Chemist: 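Sharing a structure below in structure tokens format, with a few things to ask.
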Amino acid sequence: MNDAPPIAIRTVGLTKRYANGRQEKIALRDVTLSVPTAGFWVVSGPSGSGKTTLLGLLAGMIAPTAGEVHLNGRLITHLRDHHRALVRRNEVGMVFQEFALVTGLTVAENLFLPLVPTGGPPAATRAKAAALLERFGVTALAQTRVERLSAGERQRVGIIRALLGEPPILLLDEPTASLDSTNVERLVDLLASLRAEGRTLLATTHDQRLVNDPRVDGRLRLVDGALAG
Amino acid sequence: MKRHLALIRFALGSSRRRAGRTVSLGVALALVTFGFAAVLFLTEALRREFHLGAQGLPDLTVQRLVAGRPALIGEDWTQAIAGIAGVTRVEPRVWGYYFVPALAGNFTVVGVEADSLPDAAERELVVGEGRFFAADAPDEVVMGEALADYLGLSVGDAIELPVGRGRKRLEIVGLFRASVALWTADVLLMSTAGARAFLQVPTGSATDVAVRLSTPDEATVAARKIADLLPDARILDRQLMNRGYDLTFDTRGGILGAMLLPALVAFLVLAWDRLTGVGPGERREIGALKAMGWQTSDVLLARLWENLVLSFQGALVGLIAAYLYVFHAHAPGLADVLLGWSSLYPALQLAPAVTGGQLLALTCLVVLPFVALSLVPAWRAATLDPLGLLRGAT
Ligand SMILES: Nc1ncnc2c1ncn2[C@@H]1O[C@H](COP(=O)(O)OP(=O)(O)OP(=O)(O)O)[C@@H](O)[C@H]1O
Ligand SMILES: [Mg+2]
């Protein structure tokens with residue numbers, strides 16, 4: 001197995017339990033998976049099955065109750081807050097189910113928000129943002145405040161923001177939920193080209209258009225917090 | 001550096017986005033600063049005014065008390081005091097209060113000896129309108145402008161006032177300058193001869209004795225000698241009086257300051273409420289920023305800048321408003337509390353007398369607790385998991 005591809009995302013016995021007052025909720029149980037570098041994988045599953053929780057753990061946005069997450073061979077589970085922020089900035093990009101845009105700011109300001117602590121966007125990033133806005137048909141909205149956008153427009157802004165950071169690993173939580181077929185097609189084309197650049201993609205979805213796309217390399221299914229099949 | 005500039009720009013944008021919060025905190029901050037600054041400005045200005053005025057006082061002032069009440073001083077006293085070592089000059093003075101039923105108040109009548117009249121330049125400083133009285137004209141007086149206004153008099157007018165069984169005519173030849181108003185508000189200044197007639201003080205007697213010493217620092221020693229010589233003398237020491245003024249103003253200023261503390265506390269409570277009411281929107285924002293890779297320190301730094309700018313602006317507005325209130329509007333309301341004076345007294349013309357250090361201390365007193373307070377809720381939110389914040393966890 002010498003020529004097995006390197007692994008970008010690996011989890012071992014990943015478990016997340018939410019304590020909700022006296023009630024406990026096991027959102028993820030004992031999930032062990034591997035996504036190879038430059039793979040395009042999707043995770044499907046009913047609502048509440050733990051998809052968002054899984055992505056949150058992979059991106060270092062929540063801490064697991066048990067188990068480990070390795071990104072590009074590095075264990076990130078026990079990193080301190082400071083280093084987990086660095087992982088989020090440099091290693092994984094995430095598109096959020098609810099977009100995580102900052103209201104009151106324009107589309108352009110939201111796109112460059114991740115770069116504020118580094119002193120603002122360099123010219124190359126601006127050019128790239130313009131190209132992506134163009135590609136998703138939202139150029140005209142660049143100076144519009146995000147709270148005025150439709151759900152589909154917001155979703156595209158969230159996607160563009162994640163892409164701008166050029167992360168080696170891209171996690172997308174229901175990226176097509178608010179998109180029409182044209183934009184689904186654009187997104188999948190774009191994701192395929194990113195994969196061709198060697199980036200690793202993991203998307204959660206309910207969307208059969210995405211699950212059944214022939215360019216998807218691997219399909220996982222979560223049921224009640226556990227991998228099925 | 002670039003990082004800070006970008007964070008400052010973001011912070012300024014944030015204060016604009018949260019305009020309601022920004023404005024209410026800014027106004028509250030300005031009000032609290034205004035309160036403290038107004039008290040500080042007024043006490044310092046009054047303190048300076050008194051010290052300036054007190055410079056003209058004699059080193060020692062000797063009065064005579066008989067059965068606890070001030071009594072006239074005879075020539076025997078004057079001679080006895082002049083004989084004490086270290087005394088360079090003894091000046092019997094004639095002054096007193098004159099009750100005016102129509103005013104339900106007193107004039108202070110002050111007599112000035114012909115041989116100790118101020119020189120022309122000094123008169124110019126004291127008298128605003130008109131001229132100083134002449135040494136040999138016992139009818140001529142100089143009075144305070146407010147008092148003259150109150151009585152409906154101006155320079156050149158004459159009044160007759162009852163004295164004993166008869167009446168005495170006074171001609172107003174000049175009005176004091178507003179800059180000496182604190183000292184002269186109720187004063188009628190005239191020659192000693194005029195004051196004697198007016199107050200019915202016989203020739204050879206005096207109300208008190210002003211004493212100048214060769215070494216003013218030895219006032220206590222000289223006072224002791226006078227007290228030994230003249231047991232029913234009451235002796236006022238200028239240096240002690242200065243200290244007394246300071247004490248009075250520090251105490252009154254302190255009391256007002258203490259009365260303002262509840263305002264400061266109320267402000268801090270409001271601030272705390274407004275700031276800890278980091279609403280769901282703001283928590284989600286912090287969650288989003290952290291999710292994008294902002295460090296906790298980046299979030300806090302942006303918050304620090306936002307609140308530093310807000311609080312300095314608020315404090316500056318408060319300081320400027322207090323300055324205008326005290327030095328242009330003459331502190332209506334506050335001056336009465338601080339001085340305990342009747343409304344007959346004129347508007348104070350105060351010269352600004354505050355040091356940069358005091359301004360800085362005042363600003364810090366208001367700004368620092370606010371800024372420190374404001375970081376706590378942001379810090380609490382910023383240390384939570386970004387995903388939980390995005391989902392609205394508390
Ligand atoms: N902070 C939390 N506290 C308690 N329970 C939580 C919390 N976050 C998620 N859960 C629960 O964990 C389970 C998994 O949630 P998760 O959001 O991962 O599901 P999902 O598969 O993404 O669902 P959907 O498809 O609706 O987005 C759900 O039952 C949810 O109620
Ligand atoms: Mg979800």
Side-chain angles (χ1 to χ4, degrees), chain A residues 16 18-20 27 52-64 80-106 109-122 145-147 158 161-162 164-165 167 171 173, chain B residues 1-23 278-306 309 378-394:
Chain A
K16 179 64 185 180
Y18 290 111
N20 218 350
T52 298
T53 302
L54 174 63
L55 293 194
L57 288 167
L58 295 181
M61 306 238 183
I62 37 173
R80 309 198 38 180
D81 186 64
H82 175 79
H83 291 101
R84 275 205 280 156
L86 289 180
V87 169
R88 291 194 293 269
R89 181 193 293 171
N90 301 321
E91 291 181 41
V92 281
M94 184 152 169
V95 177
F96 291 87
Q97 192 170 4
E98 269 130 19
F99 321 133
L101 301 177
V102 174
T103 51
L105 295 183
T106 64
E109 287 168 330
N110 262 282
L111 292 182
F112 301 133
L113 219 38
L115 297 167
V116 167
T118 61
R145 293 207 197 156
V146 291
E147 62 269 27
R161 187 176 68 194
L164 268 187
L171 307 174
D173 199 2
Chain B
M1 196 62 227
K2 259 181 86 181
R3 169 179 180 234
H4 282 277
L5 285 179
L7 282 173
I8 289 171
R9 275 191 49 188
F10 174 79
L12 294 181
S14 302
S15 6
R16 235 174 296 125
R17 275 184 291 137
R18 297 189 268 274
R21 165 186 175 277
T22 306
V23 168
V278 178
E282 236 175 300
R283 303 181 75 85
R284 208 173 301 117
E285 178 177 322
I286 292 177
L289 295 175
K290 290 216 68 182
M292 288 171 224
W294 282 44
Q295 297 287 354
T296 303
S297 62
D298 296 329
V299 174
L300 291 185
L301 212 55
R303 189 42 83 94
L304 183 70
W305 279 117
E306 182 180 339
V309 170
W379 175 77
R380 277 206 309 229
T383 48
L384 294 176
D385 281 329
L387 192 63
L389 284 168
L390 281 168
R391 290 192 192 221
T394 46

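This is a predicted model, so every value here is computed, not measured. By convention in this document, chain letters (A, B, ...) are assigned in the order of the sequence lines, proteins followed by strands, and residues within each chain are numbered from 1.
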Chemist: Working to the nearest 0.5 Å, report the span between CE of B:M292 and CZ of A:F112.
Modeler: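 With rounding to 0.5 Å, CE (B:M292) is 13.0 Å from CZ (A:F112).
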Chemist: Based on non-hydrogen pairs under 4.5 Å, which of B:K2, B:H4, B:M1, B:R18 is most in contact with chain A?
Modeler: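 Most pairs with chain A among the choices: B:K2.
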Chemist: Return the CZ to CD distance between B:R9 and A:E109, rounded to the nearest 0.5 Å.
Modeler: 8.0 Å
Chemist: Taking all atoms of both residues into account, what is the closest heavy-atom pair of A:D81 and B:Q295, and its distance?
Modeler: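 Nearest heavy atoms, A:D81 then B:Q295: O-OE1, 4.3 Å.
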Chemist: Evaluate the side chain to side chain contact (heavy atoms under 4.5 Å, CB included) criterion for residues A:E98 and B:R284: first the C-alpha distance (whole Å), next the side-chain angles of each, then the deciding distance (0.1 Å), finally the verdict.
Modeler: CA-CA 11 Å; A:E98 269 130 19; B:R284 208 173 301 117; over 6 Å; no
Chemist: Heavy-atom distance under 4.5 Å to chain B: side chain of A:F99, backbone, both or neither?
Modeler: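 For A:F99, there is no contact with chain B at all, as no heavy atom is under 4.5 Å.
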Chemist: Between A:T53, A:L113, A:V102, A:L101, which has the largest tally of heavy atom pairs under 4.5 Å with chain B?
Modeler: A:L113
Chemist: Quick one: what part of B:L7 sits under 4.5 Å from any heavy atom of chain A, side chain, backbone, both or neither?
Modeler: both
Chemist: Do B:D385 and A:R84 have side chains that get closer than 4.5 Å, going by heavy atoms?
Modeler: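 B:D385 vs A:R84: side chains touch.
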Chemist: Applying side-chain contact (heavy atoms from CB on, under 4.5 Å) between A:P117 and each of B:D298, B:V299, B:L301, report the one that passes.
Modeler: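 Testing each of B:D298, B:V299, B:L301 against A:P117, the sole residue satisfying side-chain contact (heavy atoms from CB on, under 4.5 Å) is B:D298.
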Chemist: Can you tell me how far the CG atom of B:L387 sits from the CE atom of A:M94, to the nearest 0.5 Å?
Modeler: 6.0 Å
Chemist: Would you call A:L105 and B:R17 a side-chain contact if the rule is heavy atoms closer than 4.5 Å?
Modeler: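 In contact.
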Chemist: Is a side-chain N or O of B:W294 found less than 3.5 angstrom from the main chain of A:V116, in a donor-acceptor match?
Modeler: no
Chemist: Does any N or O in the side chain of A:R88 come within less than 3.5 Å of the main-chain N or O of B:K290, such that one atom is a donor and the other an acceptor?
Modeler: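 Present.
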Chemist: Considering only heavy atoms, which portion of B:L289 lies under 4.5 Å from any heavy atom of chain A: side chain, backbone, both, or neither?
Modeler: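 The side chain, not the backbone.
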